[in-house]
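I have placed the structure first, in the form of structure tokens, so that the comments after it can refer back to it.
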Amino acid sequence: MKGIKLLFVIAILAMALAPVGAQDVTTVSLWFGEGATLDCWGPIMLEFNDIDPSVQLEIVPQADTWNATRTAVVGGGGPDIVRTPGPSFVYEMAQAGLILPMDNFSESMGWSDFFFDWALDLGLVDGQLYSLSDELETLILYYNTDVFEANGWTPPETMDELNALGEEVAAAGYTVFSHGNASWRPSNEWFVGEYMTQIAGPHNVYKALTGQIPWTDESMVEAMEVLDAHMQAGWYGGGIDLYFTNEGPTRRAMLADGTAAMNIEGSWAIRELNDYHVESGQGWDWVSVPSKTGDDQFTIGMGNTSSINANSPNPQAAAQFLTWYFSPETQGKMLTSCRKGPAPVEISAEVMGELDPRIAKVYADLSDASANDRYGYTTWTFWPPKSDVYIYEEVERVWTGDITVMDYLEGLNELFAEELAAGDIPPIPTR
């Protein structure tokens, strides 16, 4: 963070000392969360400022970026670049006129030349492009290799194997999954979506997303009952109470120091996870999340989106930054330097060859699953906005015993049907 602040100071001094009559500078503002991610991403993003002195990026650190951004934009302010946690969050902003359609920028700046077609489609609202998807991601099962080797365990491939291993792990005195949602409440939806994909199956999830079967289908009930059973057994974070209070650093440390044996989380976790394991001296690796059938299945998701604020005084300059940021060259550099999940753009084989083999394998296996009909859907990418919020908020009531699994799924089914009828659902890639 000190490095980022120093760069800001230098930029301010440079503007203050510029001679009178110097070329006017157009500033593009972007709000970003404080912490280690900004420390690595920030200097790379600020390299944009070396391209054209008349267009300069300004990064403003925020403690709670999404809520701060959403509140400011609704009030008529906020940054030029509006980042959201995923495509499903874009819908309401677009329909409220808070962000700009970007079709003209896409055409004039050639975004279709480097974005995959399906990725641009994810940014469509009522046929217009409102957002660009960032951080191609999936969820995987991380495990502490030292703990597994010491106990003679092997990573599970099926859900039955996971159930048996979880009981062994708990009996041996370990926490099964290092988790907690105190830092990010929507982490609840990681498990809802993953258990639906791995137990109900990606084809049933697709049918539910397209209105062919209800969310109360018996396959969904089975998935949610297994997840609830794992929660009630204290597998996540060491118990429900601990799950609700564990912060991000706690769950990272639990896996790294061997307090916990496993963790189900997104590919984004590699950025911080590896550092914790280097410090602890214990190893890590990953496998696909166990499925009911034993097939390797990967949910596809996007970690963030970028849009242009409807109140931005500099939309053209904002589009210039987006063109540079999402280029394969910039994305490749952020992948190798910061272990950032790439945007859905073509990354060169040379760049992939520079990666830790464990990281490269994530994207290789995800690509293979996508090409061979073994992919599912992350909730924050493919569910409509109100249903998405319902998924991660109301599931807590299941875990605390306030409602049943069927109550939860009936509520989801009712809300989802309303959004589906209204057309408020992201494009779902046809299987």
Side-chain angles (χ1 to χ4, degrees), residues 33 35-37 40-41 65-66 83-89 119 122 133-143 155 177-198 202 205 227 236-237 243 246-252 254-256 260 262-277 284-291 296-305 331 334-335 338-344 355-356 358-367 369-370 374-383 388 391-392 395:
T37 300
C40 190
W41 291 24
T65 314
W66 169 233
R83 286 173 57 86
T84 83
S88 67
F89 293 84
L122 283 179
S133 296
D134 196 6
E135 289 198 87
L136 181 62
E137 57 195 18
T138 188
L139 286 103
I140 53 183
L141 186 148
Y142 298 95
Y143 64 99
F177 298 120
S178 62
H179 266 299
N181 74 347
S183 298
W184 181 243
R185 190 181 184 189
S187 61
N188 298 337
E189 67 182 321
W190 302 344
F191 319 120
V192 174
E194 201 62 26
Y195 278 60
M196 284 182 172
T197 293
Q198 304 301 345
V205 174
L227 173 57
Y236 281 80
Y243 174 80
N246 285 344
E247 300 276 353
T250 300
R251 73 170 186 264
R252 293 280 179 267
M254 288 174 68
L255 184 67
M262 296 177 284
N263 168 284
I264 295 176
E265 196 166 343
S267 47
W268 62 80
I270 292 174
R271 289 197 296 270
E272 295 181 355
L273 177 146
N274 193 63
D275 294 336
Y276 276 83
H277 281 263
W284 68 274
D285 208 338
W286 70 272
V287 294
S288 60
V289 177
S291 66
D296 288 340
Q297 299 173 155
F298 294 84
T299 48
I300 296 175
M302 293 295 148
N304 290 282
T305 69
Q331 290 296 307
M334 297 187 78
L335 173 59
C338 302
R339 300 190 290 273
K340 170 196 175 294
L355 292 174
D356 180 320
R358 293 170 295 186
I359 301 174
K361 189 175 186 299
V362 172
Y363 297 109
D365 285 7
L366 178 57
S367 176
S370 300
R374 292 184 286 102
Y375 64 90
Y377 310 88
T378 54
T379 54
W380 59 93
T381 305
F382 295 101
W383 267 249
D388 182 47
I391 283 172
Y392 66 75
V395 74

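All of these numbers come straight from a predicted model, not from anything done at the bench.
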Next on the checklist: Measuring from atom CG of Leu139 to atom OH of Tyr195, what distance do you get when rounded to the nearest 0.5 angstrom?
Outcome noted: 11.5 Å
Item to check | Polar side-chain atom of Glu137 near backbone of Gly266 as donor-acceptor pair, under 3.5 Å | outcome: no
Checklist entry - Does Tyr363 reach the side chain of Leu335, with side-chain heavy atoms less than 4.5 Å apart? => result yes
Checklist entry - Nearest 0.5 Å, what's the CD1-CG distance between Ile264 and Leu141? => result 5.0 Å
Next on the checklist: For a 4.5 angstrom cut-off between non-hydrogen side-chain atoms, does Glu265 reach Phe191?
Outcome noted: no
Item to check | Whether Ser267 side chain and Thr138 backbone form a donor-acceptor pair below 3.5 Å | outcome: yes
Item to check | Any donor-acceptor pair under 3.5 Å from Asp365 side chain to Val362 backbone | outcome: no
Checklist entry - Going by atom types alone, do Glu247 and Ser183 pair a side-chain donor with an acceptor below 3.5 Å? => result yes
Checklist entry - Would you call Arg339 and Glu272 a salt bridge, taking side-chain N to carboxylate O under 4.0 Å as the test? => result no
Checklist entry - So do Val287 and Ile140 actually touch side chain to side chain, heavy atoms under 4.5 Å? => result no
Checklist entry - Between CZ of Arg83 and CG of Asn304, what distance do you get to the nearest 0.5 Å? => result 4.0 Å
Checklist entry - Using the ring of each side chain (for Trp, its six-membered ring), is Phe177 parallel, tilted or perpendicular to Tyr236, with breaks at 30° and 60°? => result tilted
Item to check | Closest heavy-atom pair and its distance - Met302, Pro87 | outcome: CB-CD, 4.0 Å
Checklist entry - When the ring planes of Phe89 and Trp66 are compared, do they come out parallel, tilted or perpendicular, using 30° and 60° as the limits? => result perpendicular
Checklist entry - Are Tyr392 and Trp184 side-chain neighbours, meaning at least one heavy-atom pair lies under 4.5 Å? => result no
Checklist entry - Do Thr381 and Ile300 have side chains that get closer than 4.5 Å, going by heavy atoms? => result no
Checklist outcome for this item: Minimal heavy-atom distance between Tyr377 and Thr299, with the atoms involved, is N-CG2, 3.8 Å
Next on the checklist: Against the six-membered ring of Trp284, is Arg358 placed for a cation-pi contact (under 6.0 Å from the centre, within 45° of the normal)?
Outcome noted: yes
Next on the checklist: Working to the nearest 0.5 angstrom, can you tell me the gap between Gln331 CD and Leu136 CG?
Outcome noted: 10.5 Å
Checklist entry - Are the side chains of Leu255 and His277 in touch, meaning some heavy atoms are under 4.5 Å apart? => result yes
Next on the checklist: Would the distance check show the side chain of Ser367 and the main-chain N or O of Ala364 forming a donor-acceptor pair, the cut-off being under 3.5 Å?
Outcome noted: no
Item to check | For Tyr142 against Ala269, the heavy-atom pair lying closest together | outcome: OH-CB, 3.8 Å
Next on the checklist: Show the nearest heavy-atom pair for residues Trp286 and Tyr143, with the distance to one decimal.
Outcome noted: N-CE2, 3.7 Å
Checklist entry - If you measure from NZ on Lys361 to CG on Asp285, what distance do you get to the nearest 0.5 Å? => result 8.5 Å
Checklist outcome for this item: When rounded to the nearest 0.5 Å, the distance separating CE of Met254 from CE of Met262 is 12.0 Å
Checklist outcome for this item: Heavy atoms of Gly301 and Thr378 approach each other most closely as CA-OG1, 3.0 Å
Next on the checklist: Give me the atom names and distance for the closest heavy-atom approach of Gly180 to Arg251.
Outcome noted: O-NH1, 3.4 Å
Item to check | Ion pair check, Arg252 and Asp275, cut-off under 4.0 Å | outcome: no
Checklist entry - Aromatic ring centroids of Phe298 and Tyr375 under 6.0 Å? => result no
Checklist outcome for this item: Paired with Ser178, the side chain to side chain donor-acceptor pair (under 3.5 Å) test is passed by just one of Asn246, Thr250, Asn263, namely Asn263
